[in-house]
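Just so we're clear, the structure is a prediction, and the values are computed from it rather than from any experiment.
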Amino acid sequence: MLSAFMICAHVWADGRLPGEDFHCWHTWDSRTYTLIPYGHAAKSYSSYSTSKLFAAVYPEAIALAPLIASPYWRQRASGSTTEQTGFFTEVSKRVTYPYNDPGRGDAIVHWAIADSWRPPSKPLTTYTPGRVRGKMSPLHASRVKRHENSVKWYSRISRNQGRTLLFHNHLKPVLLRERTPQYVKWEGTIWHSSRTDDLMKQEVARRRKELQDGAARLRRQRTAHVPLEQP
């Protein structure tokens, strides 16, 4: 589900197709204007919440989630060019795709090449449920401050909601995956999650071959230690 949110966030942030009148990000904008109306009295978006931005893309994220979770579609996404074309066609039925000009980066292609053949990402932190501790954790003062700053930022910009989602902590597990290069700034990590250049493809192919070779060696070792059946 987080991968689906991440893809929708990229589409919302980077989607630019000239000559078209309607795209899914226009729908997301309309939902956002309804969920986060401008408060004329306060002269700000006082009802702002990042959760409402997630809610704006939720229907399309739900539509994408089965493709990302399905072993069948994951295999096609990481398969031959023909299989990948079938996967991208199915994606285009659920969200605007392609969502920008070729060469600008593509989070969907990146996921298909780099992540579809890997196991799902684990959470960065595992928290103890509040019902186990008997009480919910208090709202930390820094979280309140971050929310206030977010309201100010959104009131000034009122755009680029997809970028806001990409900077949210909820999406860190699918942006900061294992073996993802460590960038000085989070912008680098976001940029990497939509890379489709030849250097990235070569690096992914090398790692994938290493894993396949390691799995083959393990199978051979297991086969060598299996005792022969007695006649």
To the nearest 0.5 Å, what is the distance between [atom1] on [X] and [atom2] on [Y]?
X      : Y      : atom1 : atom2 : value
Tyr48  : Thr50  : OH    : OG1   : 3.0 Å
Trp12  : Cys24  : CH2   : SG    : 10.0 Å
Ile190 : Leu166 : CD1   : CG    : 5.0 Å
Ser193 : Met6   : OG    : CE    : 5.5 Å
Gln161 : Trp28  : CD    : CH2   : 11.0 Å
Leu175 : His10  : CG    : NE2   : 6.0 Å

**Asked** Side-chain heavy atoms under 4.5 angstrom apart, residues restricted to Ile, Leu, Val, Met, Phe, Trp, Tyr: same cluster for Trp117 and Tyr72?
**Response**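 Same cluster: Trp117 reaches Tyr72 through Ile, Leu, Val, Met, Phe, Trp or Tyr contacts under 4.5 Å.
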Heavy-atom pair of closest approach, residues [X] and [Y]:
X      : Y      : result
Ala61  : Ala4   : O-CB, 3.3 Å
Ala56  : Pro59  : O-CD, 4.0 Å
Met1   : Ala65  : SD-CB, 3.9 Å
Ile113 : Val204 : O-CG1, 3.3 Å
Val109 : Asp106 : N-OD1, 3.1 Å

Keeping the roles fixed (side chain from [X], backbone from [Y]), state whether a donor-acceptor pair exists under 3.5 Å.
X      : Y      : result
Arg195 : Gly105 : no
Arg76  : Phe87  : no
Tyr99  : Ala107 : yes
Ser70  : Leu67  : no
Glu83  : Ser80  : yes
Arg94  : Ile62  : no

**Item:** Cation-aromatic face contact Lys185/Trp191, 6.0 Å, 45 degrees
**Value:**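 Geometry flag: not set, cation outside 6.0 Å or 45°.
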**Request:** Take atom CD of Glu187 as the centre, draw a 6.0 Å sphere, and report whether it contains more than 12 heavy atoms from other residues, nucleotides or ligands.
**Result:**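 More than 12 within 6.0 Å, yes.
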**Asked** Should Ile36 and Leu53 be marked as a side chain to side chain contact (heavy atoms under 4.5 Å, CB included) after you check the CA-CA gap, both sets of side-chain angles, and the distance that decides it?
**Response** CA-CA 9 Å; Ile36 312 176; Leu53 296 183; 3.9 Å; yes
Geometric class of the [Y]/[X] ring pair [parallel <30°, tilted 30-60°, perpendicular >60°]:
X      : Y      : value
His192 : Tyr183 : tilted
Phe54  : His168 : perpendicular
His23  : Trp25  : parallel
Phe5   : Tyr58  : tilted

**Asked** Should Leu176 and Gln182 be marked as a side chain to side chain contact (heavy atoms under 4.5 Å, CB included) after you check the CA-CA gap, both sets of side-chain angles, and the distance that decides it?
**Response** CA-CA 8 Å; Leu176 195 61; Gln182 299 294 316; 4.1 Å; yes
**Prompt:** What do the steps show when you test Arg74 against Trp111 for side chain to side chain contact (heavy atoms under 4.5 Å, CB included), and what is the final call?
**Reply:** CA-CA 10 Å; Arg74 292 178 75 94; Trp111 180 87; 3.5 Å; yes
Do [X] and [Y] have side chains that get closer than 4.5 Å, going by heavy atoms?
X      : Y      : answer
Val11  : Tyr97  : no
Leu2   : Pro173 : yes
Arg207 : Glu203 : yes

**Asked** Hey, is Glu60 close enough to Arg31 for a salt bridge, meaning N to O under 4.0 Å?
**Response**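 Between Arg31 and Glu60 there is a salt bridge, with a charged N closer than 4.0 Å to a carboxylate O.
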**Asked** Which is it for His110 and Met200 under the side chain to side chain contact (heavy atoms under 4.5 Å, CB included) test, yes or no, and what are the steps along the way?
**Response** CA-CA 9 Å; His110 179 94; Met200 185 279 294; 3.8 Å; yes
